[in-house]
Amino acid sequence: MARQKNEVIIIGGGIAAHTAALYAARAELKPIVLQAASPDQLSLTTVVENFPGFPEGILGTQLVENAKKQAQKFGAQYVLAQADSFDIKKDYFEIVAGKEVYQALTVIIATGAAARRLDVPGEDKYFGRGVSTCATCDAAFYRDREAVVVGGGDSAMEETLALYKFAKKVTIIHRKNEFKASKIMQERVFSLKDKIEIIWGTEITEVLGDGQFVTGLKLKNIKTDEMSEIKTNGLFLAIGHIPNTKIFINKIQLDELGYIVTDKKSHINVNGVFAAGDCQDHIFRQAITSAGSGCQAAMEAERYIEKLKADGKV
Amino acid sequence: MSEVTLNDENFNAEVLSSKTPVLVDFWASWCGPCKMQEPILEEVAALYQGKNIKIGRLNVDEAPRSANRFLVMSIPTLMIFKDGRPVEQMIGVQDKNTLINKIDKLV
């Protein structure tokens, strides 16, 4: 018995997925959004100051929640489920999520990216016991404690500023001798010398603990190879992201870093599949570019379905 | 059984002295991922309505002593308590299937 196929399935739960859902819903494609439990990047951030239209800034969580509500208002249907597999069939696509099987004429992949781990001893053991990837979630636990942030981009600056409000001291450890964060974020960090220290040209080689919590880190100076130790209660990881594209390996074209390869119109190397947001972008990774690519993907999905209908294929 | 709101005052009675296992979600209003956990937990609670498990939420801002006592340093943290002891701990947002598997193993 033939299962009724959806026109569009969107995999993801961030601003790219919600924007794609909004556009697809308004195009009356009745999108189903499979939203996994892994947090999107905006849910991990504080105030977003660079999304146009919000002169006072808007909380990242609020922005994604609003976008989801807006998509739901136009009929997008959300299912809280992790997509476990993706398969390309003869004239449709099949996604298994939990115990459910979904079939769709088009798929928009907007699975985002997850925080990269250091991959050093002690990191897994103390995850949630001092090691964290979300300062906005966990900063409040560091009242009168010390914390280390590792990284040099905007998210490292943001984690530092979130911790600064609570912690006795925040130390940033960075492999290079300069940050790649935006000027405005760097200046904010540099202006708070009272509680912020920066250790340049150094990497973390081990997370130390007392069996229960993080107590310190082993460090290595990259130039001199000199080893040292630092005492700390927490380690916040802000060393970049890895795209959530595991289920698409060997199914669609990924680049050497695992990001989905897209063209200017959000198409990928498989007809009928489109990609948007951080899973296909390691250059910009902004809320606005993610939303923009979600919009493109949905408009192209609509065009693709119209063509299928015009050709009498559905 | 719907979700129980836990605090420092009722934690002993509702969780540690509970005859059935209790799944506790440690959360806070300023935590984005905690907001993602909430609807998932609601679905799980609906699924186990009338079954042999209690599901509760504990706001770490309002119940700091209980959060400290069970060494919560990262949220969301979900713990399952059985016979007055934590027997399962999960850090970060957990999907429905993971929660169902953990609960079914214990109940």
Side-chain angles (χ1 to χ4, degrees), chain A residues 13-14 34-47 59-65 68 78-84 97-100 114-115 124 126-143 145 147 162 165-166 209 211-214 233-236, chain B residues 3 23-48 55 57-80 86 88-104:
Chain A
L34 302 176
Q35 182 172 16
S38 52
D40 62 291
Q41 296 308 310
L42 279 174
S43 291
L44 301 174
T45 185
T46 50
V47 180
L59 282 175
T61 49
Q62 194 64 57
L63 183 59
V64 273
E65 270 181 38
K68 180 174 174 177
Y78 282 76
V79 181
L80 301 174
Q82 169 89 40
D84 299 315
K99 293 179 183 89
E100 297 291 323
D124 283 346
Y126 292 106
F127 197 83
R129 297 286 194 197
V131 179
S132 172
T133 55
C134 179
T136 55
C137 307
D138 299 341
F141 297 109
Y142 289 82
R143 193 172 269 117
R145 291 183 166 126
K165 285 186 208 145
F166 298 96
Q212 211 147 48
F213 291 117
V214 169
N233 305 108
L235 170 63
F236 288 80
Chain B
E3 297 159 61
L23 171 66
V24 181
D25 173 23
F26 294 85
W27 69 285
S29 59
W30 31 261
C31 156
C34 298
K35 288 187 188 160
M36 306 182 65
Q37 188 68 68
E38 192 179 349
I40 298 172
L41 207 67
E42 275 167 17
E43 285 188 7
V44 172
L47 207 62
Y48 286 90
I55 292 175
R57 302 191 80 216
L58 183 137
N59 183 321
V60 299
D61 271 340
E62 285 160 16
R65 277 187 286 129
S66 303
N68 264 332
R69 182 170 170 196
F70 294 100
L71 309 175
V72 172
M73 283 289 276
S74 189
I75 50 174
T77 285
L78 289 100
M79 287 191 197
I80 302 178
E88 197 61 73
Q89 178 179 349
M90 296 157 268
I91 288 157
V93 186
Q94 304 298 318
D95 64 29
K96 199 160 100 181
N97 284 336
T98 306
L99 293 176
I100 289 169
N101 288 339
K102 299 267 187 194
I103 293 170
D104 289 349

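Order of the sequence lines fixes the chain letters, A, B, ..., with proteins taken first and strands second; residue numbering starts at 1 for each chain.
A:Gln62 does not touch chain B: none of its heavy atoms, backbone or side chain, sits under 4.5 Å away. If you measure heavy-atom distances from A:Ser38 to chain B, the contacts under 4.5 Å come from the backbone alone. Only the side chain of B:Val60 comes within contact range of chain A, judged by heavy atoms closer than 4.5 Å. Contact annotation for A:Phe213: only side-chain heavy atoms (C-beta onward) come within less than 4.5 Å of a heavy atom of chain B. Using a 4.5 Å cut-off between heavy atoms, A:Ala36 contacts chain B through its backbone alone, with no side-chain atom that close. With a threshold of 4.5 angstrom between heavy atoms, A:Ser43 approaches chain B through its backbone and through its side chain. Looking at B:Pro64, there are no atoms closer than 4.5 Å to chain A (heavy atoms on both sides), in backbone or side chain.
Annotation: the span from B:Phe26 atom CZ to B:Met79 atom CE amounts to 4.5 Å, rounded to 0.5 Å.
Not a single donor-acceptor pair under 3.5 Å links the side chain of A:Ser132 to the backbone N or O of A:Phe236.
Using a 4.5 Å heavy-atom cutoff, the side chains of B:Glu38 and B:Asp25 are not in contact. B:Ile55 has its side chain within reach of B:Leu41: a pair of non-hydrogen atoms, C-beta onward, lies under 4.5 Å apart. Between A:Phe166 and A:Asp138, every side-chain heavy-atom pair lies at or beyond the 4.5 Å cut-off. Residues B:Arg57 and B:Asn59 have side chains not in contact (no heavy-atom distance under 4.5 Å, counting atoms from C-beta outward).
B:Gln94 and B:Lys102 share no donor-acceptor pair across their side chains, judged by distance under 3.5 Å alone.
Note: B:Ser74 leads B:Gly92, B:Ser74, B:Pro76, B:Gly32 in heavy-atom pairs under 4.5 Å with chain A. With chain B as partner, the option from A:Leu80, A:Thr45, A:Leu42 having the largest number of non-hydrogen pairs under 4.5 angstrom is A:Leu80.
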